[in-house]
Asks: 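Take a look at the following structure, please.
Here the structure is a predicted model, which means the values were calculated and not measured. All ligand and atom numbering here is 1-based and tracks the order in the structure. Along the sequence shown, residues carry numbers from 1.
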Amino acid sequence: MKRDGKNISFWESQVHKEVLQNYNETHFETIIVGAGITGVTLAKELQNRGHNCLLIEKENPGFGTTGGTTAHINNFFDSSYDEIIKNFGEESAVLLAEAAKDTIRYIKQNIVHHHISCDFNECYYYLFSADEKQSKKLDDILEAHHKVGIDTEQTFSIPFPLEFKKAIEIKGQAQFHPLRYINKLLKEYIKNGGAIATETQIKDFENKDGIITLKTDNDSVFTAKNLVWATHIPPGNNRFSVLLAPYRSYAVTLRLANPVKSMAQTADLYDPYHYARYHKSGNDYFLIVGGFDHKTGDENDTEKHFEDLMKYVDDNFSYKEVVAKWSSQFYQSADGLPYIGKMPGENNIYISTGFTGNGMTFGSMTSLIIPDLLEGKETELSKLLAPSRIKPLASARNVLDEVVNASVHFVKDKFAADKIDELNELNKGEGRIIKYDGKTYAAYRDEKSEIHLLSPVCPHTGCTVAWNPSEVSWDCPCHGSRFDIEGKLLNGPAMTDLSKI
Ligand code: FES
């Protein structure tokens with residue numbers, strides 16, 4: 001299968017690409033765009049409830065972050081419960097903790113019910129501190145976990161060869177192979193008559209008189225009463241362009257020489273934090289390690305992040321061989337919680353985004369929220385995660401930072417091109433924003449020495465894209481749209497490609 005970057009993720013290397021086209025009609029009750037874990041789980045859930053829906057994906061299932069996740073399923077989040085209590089209140093934090101536990105049960109039910117073979121394991125998570133300040137934070141987290149009912153206790157040993165000052169053991173976690181999980185769910189969905197169109201990109205959409213009309217790149221037109229953007233950030237220029245910030249995270253999978261006693265997950269409390277988990281597939285044992293995150297488009301030397309990750313790995317772990325290394329994109333919301341529910345200002349459009357590092361959990365939790373909303377049922381959970389919520393104290397600083405960051409890029413990057421006299425000043429494998437013959441280009445010379453010239457102007461709102469050498473893509477620093485070397489759209493919120501010169 002394909003993913004939105006050049007590096008091949010651990011999951012991607014084990015799954016074949018399938019082109020799925022299965023529909024006989026063009027009008028549906030609900031259309032879901034995006035066949036990652038959010039869209040696939042939701043399509044299956046809606047089918048179970050008797051809804052008539054169509055799932056559309058511009059590439060293959062799992063092309064986006066689901067193919068690049070580290071696939072841990074947790075009942076706590078990057079936004080810790082002490083922060084959630086502070087920003088949203090204890091009652092809301094308890095509600096979210098219960099929803100997270102329900103979500104893990106829900107994933108497990110799907111696996112059992114559909115006999116999904118996806119390396120699923122239940123396990124514990126070990127969170128640890130490295131200094132006094134982090135230990136204080138860990139105490140706050142432990143206290144908050146007790147308040148919200150997440151089974152957690154202090155521990156004096158962790159099943160990873162990492163030094164720590166203080167550690168806690170958080171029970172009730174899980175992990176799996178994300179692509180095997182969604183692919184089997186999809187098979188069940190299609191077997192039961194579910195409609196799907198992969199390799200189909202939405203080019204245009206209109207929401208008028210209670211009907212949504214979608215036009216695709218292969219000139220199909222679909223209509224529906226409801227639309228769900230399961231694409232991470234919803235496309236177009238809307239408030240989520242400033243309420244979400246895109247980040248890249250780096251991961252590596254290592255084959256272990258010896259079996260580990262039991263599956264486990266761990267992370268420290270640095271910012272950005274380092275995380276690791278064991279994985280068992282057949283008789284083989286692996287260690288997946290990640291971290292070294294940065295804001296999308298902000299780093300020129302993305303290879304350095306892999307080097308730093310490998311240094312961290314070599315300093316701390318022993319292993320037989322490196323099996324895969326890749327990077328992936330996630331979106332952080334302004335107040336730390338995802339936006340799942342009705343798109344503000346639109347009667348029949350729904351979104352699910354802003355998962356930070358908890359995409360498997362929040363992507364699946366979407367199916368505990370949106371189906372109810374489509375059936376006219378508002379719940380306490382849907383109110384808590386409503387995209388229309390306003391949390392001024394929690395969000396003001398972050399939103400402002402991101403708006404400023406995007407504006408700085410918008411202006412600064414316009415003047416950042418390297419002036420060159422000859423195109424062959426560009427080395428093989430090098431991508432750069434160049435000024436050549438009075439014009440600015442996003443230029444890349446491939447390994448065969450062929451030059452690929454694109455307009456550097458992101459079609460979303462006009463920022464200048466930046467070169468990502470490790471994934472061989474053009475990444476927009478403003479809101480995270482990404483494009484391949486031919487200008488083809490990899491990730492939104494842009495809806496169209498970079499112009500080819
Ligand atoms: Fe918004 Fe590029 S993603 S300008």
Side-chain angles (χ1 to χ4, degrees), residues 4-5 33-34 36 58-59 63-65 68 201-205 229-249 293-300 302 327-334 339 343-344 351 353-356 387 398-417 431-433 440-444 452-469 471-501:
D4 60 6
V33 181
K58 85 179 160 58
E59 301 284 347
F63 177 82
T65 306
Q201 188 174 341
I202 305 301
K203 283 288 176 200
D204 201 9
F205 73 99
W229 291 117
T231 51
H232 267 308
I233 190 165
N237 192 12
N238 47 58
R239 70 164 79 175
F240 297 97
S241 298
V242 291
L243 287 175
L244 294 163
Y247 285 83
R248 307 288 307 166
S249 192
D293 309 355
H294 62 80
K295 181 89 195 313
T296 300
D298 265 4
E299 289 285 336
N300 294 329
T302 49
S327 69
S328 193
Q329 187 143 305
F330 66 89
Y331 288 85
Q332 187 170 330
S333 75
Y339 301 109
M343 178 118 168
I351 60 169
T353 184
F355 300 160
T356 49
N398 283 338
V399 171
L400 206 59
D401 283 353
E402 294 312 331
V403 173
V404 169
N405 190 300
S407 310
V408 167
H409 272 292
F410 185 85
V411 177
K412 185 187 82 174
D413 297 350
K414 298 279 173 215
F415 302 98
R432 254 201 284 168
I433 302 295
T440 307
Y441 302 99
Y444 169 66
H452 303 255
L453 286 183
L454 303 168
S455 159
V457 181
C458 175
H460 180 227
T461 60
C463 288
T464 301
V465 294
W467 180 238
N468 178 342
E471 294 294 354
V472 187
S473 61
W474 293 102
D475 298 357
C476 183
C478 288
H479 316 106
S481 291
R482 298 177 59 246
F483 309 85
D484 73 9
I485 55 165
E486 303 296 342
K488 192 169 183 306
L489 181 69
L490 296 171
N491 305 132
M495 289 189 75
T496 53
D497 301 340
L498 280 183
S499 305
K500 243 176 161 168
I501 309 291

Asks: Which protein non-hydrogen atom lies closest to atom 3 (S) of ligand 1, naming both residue and atom, and how far is it?
Replies: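 Looking only at protein heavy atoms, the one closest to atom 3 (S) of ligand 1 is Ser481 OG, 3.2 Å.
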Asks: Quick check on contacts: which atoms of ligand 1 are under 4.0 angstrom from a heavy atom of His460?
Replies: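 That gives atoms 1 (Fe), 2 (Fe), 3 (S), 4 (S) of ligand 1.
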Asks: Tell me whether atom 2 (Fe) of ligand 1 has His479 as a neighbour, meaning an N, O or S atom of it below 2.8 Å.
Replies: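 Coordinating: no.
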Asks: Which atoms of ligand 1 have any heavy atom of Cys463 under 4.0 Å away?
Replies: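 Contacts of ligand 1 toward Cys463, numbered from 1: 4 (S).
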Asks: Looking only at the side chains, is there a donor atom on one of Thr461 and Asn237 sitting less than 3.5 Å from an acceptor on the other?
Replies: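 No, no side-chain donor-acceptor pair sits under 3.5 Å.
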Asks: Using a strict cut-off of 4.0 Å, indicate which atoms of ligand 1 neighbour a heavy atom of Cys476.
Replies: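 Those of ligand 1 that fall under 4.0 Å from Cys476 are 2 (Fe), 3 (S), 4 (S).
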Asks: Measure the spacing between OG1 of Thr353 and OH of Tyr331 and express it to the nearest 0.5 Å.
Replies: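 If we round to the nearest 0.5 Å, Thr353:OG1 and Tyr331:OH are 7.5 Å apart.
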Asks: Does this structure show an ion pair linking Asp475 with Arg482, if we count only N-O contacts that are shorter than 4.0 Å?
Replies: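 Answer for the salt bridge query: yes.
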Asks: Look at atom 4 (S) of ligand 1 and find which of Ile233, Thr461, Val465, Thr296 reaches it with the closest heavy atom.
Replies: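 Among Ile233, Thr461, Val465, Thr296, the closest heavy atom to atom 4 (S) of ligand 1 belongs to Thr461.
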Asks: Looking only at the side chains, is there a donor atom on one of Thr296 and Gln329 sitting less than 3.5 Å from an acceptor on the other?
Replies: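 Judged by distance alone, the side chains do pair up.
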Asks: Measure SG to SG for Cys476 and Cys463 and state whether it is below 2.5 Å.
Replies: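 Answer is no, sulfur atoms not closer than 2.5 Å.
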